[in-house]
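Taking it in order: structure first as structure tokens, then the write-up.
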Amino acid sequence: MPELPEVETIARGVDARIRGDRIVDVWFGRHREPFKSPRAGQVVGLRERQIIAVHRTGKHVVVELGRRSGERAKGKGSQEDAAEIAAQWIVHLGMTGRLLVTTPEADVAKHTHARLTLASGRELRFVDPRRFGRLEFRDLRKGLGFAGPGVEPLTIEAEAFAVLFHGRKLAIKAALLNQTLLSGVGNIYADESLFHAGIRPRRRAGQLTHVELEKLRRALRKVLEHAIRLGGSSVSDYVDAEGVRGFFQLEHCVYQRTGEPCRRCGNAIKRIVVAGRSTHYCAHCQK
DNA sequence: CATTTCACCTGGTGGC
DNA sequence: TGCCACCAGGTGAAAT
């Protein structure tokens with residue numbers, strides 16, 4: 001169920017553990033759901049590749065992979081470069097996906113869909129009960145690297161942010177959840193950032209003033225950065241690569257606080273449905 | 001095209 | 001304890 005801060009936490013944790021390791025074997029469960037690119041191509045493509053780095057793009061974990069032994073470097077006469085990225089494994093965690101680095105003896109959790117055996121002897125496992133997650137393999141000799149569907153909310157500038165919402169009639173909350181506009185914002189951080197910006201979730205995106213949009217952009221960035229520092233939120237079963245829970249949920253101002261007093265004014269937090277999602281706000285603090 | 005709704009899944013919770 | 005309705009951090013296809 002992870003959003004940007006949770007995925008960032010997971011990617012950092014996995015990177016710290018498996019960077020420089022090598023994939024020696026690949027196992028996938030029987031479900032067909034998790035494969036965004038063909039399963040057989042993933043099995044073959046992942047094997048015998050070095051893991052150069054693991055990072056986050058939007059809500060996706062991107063595993064950067066090197067050349068396979070025997071594969072030639074791109075371009076004639078290019079120098080031998082062990083860190084050249086030749087392929088990517090892209091993991092979307094959906095609502096309940098987890099990436100775990102374990103020993104091979106560790107109990108295999110129910111709903112484990114992938115197990116990558118590493119040269120160090122450990123395993124990278126993908127576990128996802130609801131099966132909304134997706135796995136994709138990209139060979140960069142055959143196509144482009146993964147860029148994410150929209151713009152990164154942590155780095156977008158004021159003007160570009162305003163342009164995203166210009167002329168749009170849908171609710172600002174719905175616009176924040178649209179991954180082709182901004183990548184990485186989900187239900188928690190949409191609600192939290194709208195609270196900190198003092199904007200009601202049903203306001204039409206295109207009707208917000210430049211001042212309001214700039215407040216929103218800054219609130220969003222601040223909330224995401226703060227959540228990353230705390231290791232993300234863990235409302236129910238989210239656990240990062242280390243098995244440690246995030247602590248940002250303790251600082252939620254509105255998300256899943258229906259009926260509880262607003263931390264700023266004391267009025268009860270309201271719950272409505274916007275874009276088919278539970279939406280929480282303070283009617284006094286948000287206009 | 002822009003926007004809305006709903007299906008896709010399993011599991012946890014709370015009411016009766 | 002069981003049964004049931006409802007809820008959940010996300011998409012992406014179909015309908016409007």
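All values below were derived from every heavy atom in this structure, side-chain atoms included, with hydrogens, water molecules and symmetry-related copies excluded. Everything numeric in this text was worked out from a predicted model, so none of it was measured. Reminder, nothing fancy here: chain letters follow the sequence lines and each chain counts from 1.
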- Over how many whole Å does the gap from A/Arg98 atom CZ to C/dG9 atom P extend? 18 Å
- Query: So A/Phe248 and A/Tyr189, ring-ring contact (aromatic ring centres under 6.0 Å, His included) or not? Walk me through it.
  - Reply: CA-CA 11 Å; A/Phe248 186 72; A/Tyr189 300 100; 5.6 Å; yes
- Query: Should A/Glu212 and A/Lys215 be marked as a salt bridge (Lys or Arg N to Asp or Glu O under 4.0 Å) after you check the CA-CA gap, both sets of side-chain angles, and the distance that decides it?
  - Reply: CA-CA 5 Å; A/Glu212 285 175 319; A/Lys215 273 181 101 173; over 6 Å; no
- Message: When you measure from the side-chain N and O atoms of A/Gln179 to the phosphate of C/dT11, is any distance below 4.0 Å, counting only OP1 and OP2?
- Response: yes
- Task: Report yes if at least one side-chain N or O of A/His92 is closer than 4.0 Å to OP1 or OP2 of C/dG10; otherwise report no.
- Result: no
- Task: Respond yes when some side-chain nitrogen or oxygen of A/Ser278 is under 4.0 Å from OP1 or OP2 of C/dA8, and no when none is.
- Result: yes
- So, does the side chain of A/Arg130 form a donor-acceptor pair with the base of B/dC9 at under 3.5 Å? yes
- Query: In whole angstroms, how far is the C1' atom of C/dA8 from the CG atom of A/Asp128?
  - Reply: 13 Å
- Between P of C/dG9 and CG of A/Leu224, the distance in whole Å: 16 Å
- Query: Does A/Tyr189 have a side-chain nitrogen or oxygen under 4.0 Å from the phosphate oxygens OP1 or OP2 of C/dG9?
  - Reply: no
- Message: Tell me the interatomic distance from A/His113, atom NE2, to B/dT10, atom C1', rounded to whole angstroms.
- Response: 10 Å
- Looking only at side-chain N and O atoms, does A/His31 come under 4.0 Å of OP1 or OP2 in B/dC9? no
- Test side chain to side chain donor-acceptor pair (under 3.5 Å), reference A/Glu64, set A/His55, A/Arg49, A/Gln50, output is A/His55
- Query: Rounded to the Å, how far apart are A/Arg277 CZ and B/dC8 P?
  - Reply: 17 Å
- Can you tell me the distance, in whole Å, between the CG atom of A/Asn187 and the P atom of C/dG10? 6 Å
- Item | Under-4.0 Å side-chain N/O to phosphate OP1/OP2 contact, A/Lys59 with C/dG9 | no
- Query: Across the strands shown, which category fits A/Arg134 at heavy-atom distances under 4.0 angstrom: base, sugar-phosphate, nothing?
  - Reply: nothing
- Would a 4.5 Å heavy-atom cut-off, applied to side chains only, mark A/Val24 and A/Glu48 as touching? yes
- Task: Please work out if A/Gly186 contacts a base, only the sugar-phosphate, or nothing of the nucleic acid, heavy-atom cut-off 4.0 Å.
- Result: sugar-phosphate
- Do any side-chain nitrogens or oxygens of A/Lys169 fall under 4.0 Å of OP1 or OP2 in B/dT4? no
- For the side chain of A/Leu170, counting heavy atoms from C-beta on, which of B/dT10, B/dT3, C/dA8 is nearest? B/dT3
- Just name whichever nucleotide pairs with B/dC9, Watson-Crick or G-U, keeping both distances under 3.5 Å, else none. none
- Note on the structure: The residue, A/Lys36 or A/His280, whose nearest nucleotide of DNA chain C is more 5′ is A/His280
- Query: Are A/Glu3 and A/Ser233 close enough that some pair of their side-chain heavy atoms sits under 4.5 Å apart?
  - Reply: no
- Integer angstrom distance from the P of C/dC7 to that of B/dT5: 16 Å
- Message: Side chain of A/Phe132, heavy atoms from C-beta onward: which of B/dC9, C/dA8, C/dT11 has the nearest atom to it?
- Response: B/dC9
- Message: Using a heavy-atom cut-off of 4.0 Å across all strands, would you classify A/Arg271 as base, sugar-phosphate, or nothing?
- Response: sugar-phosphate
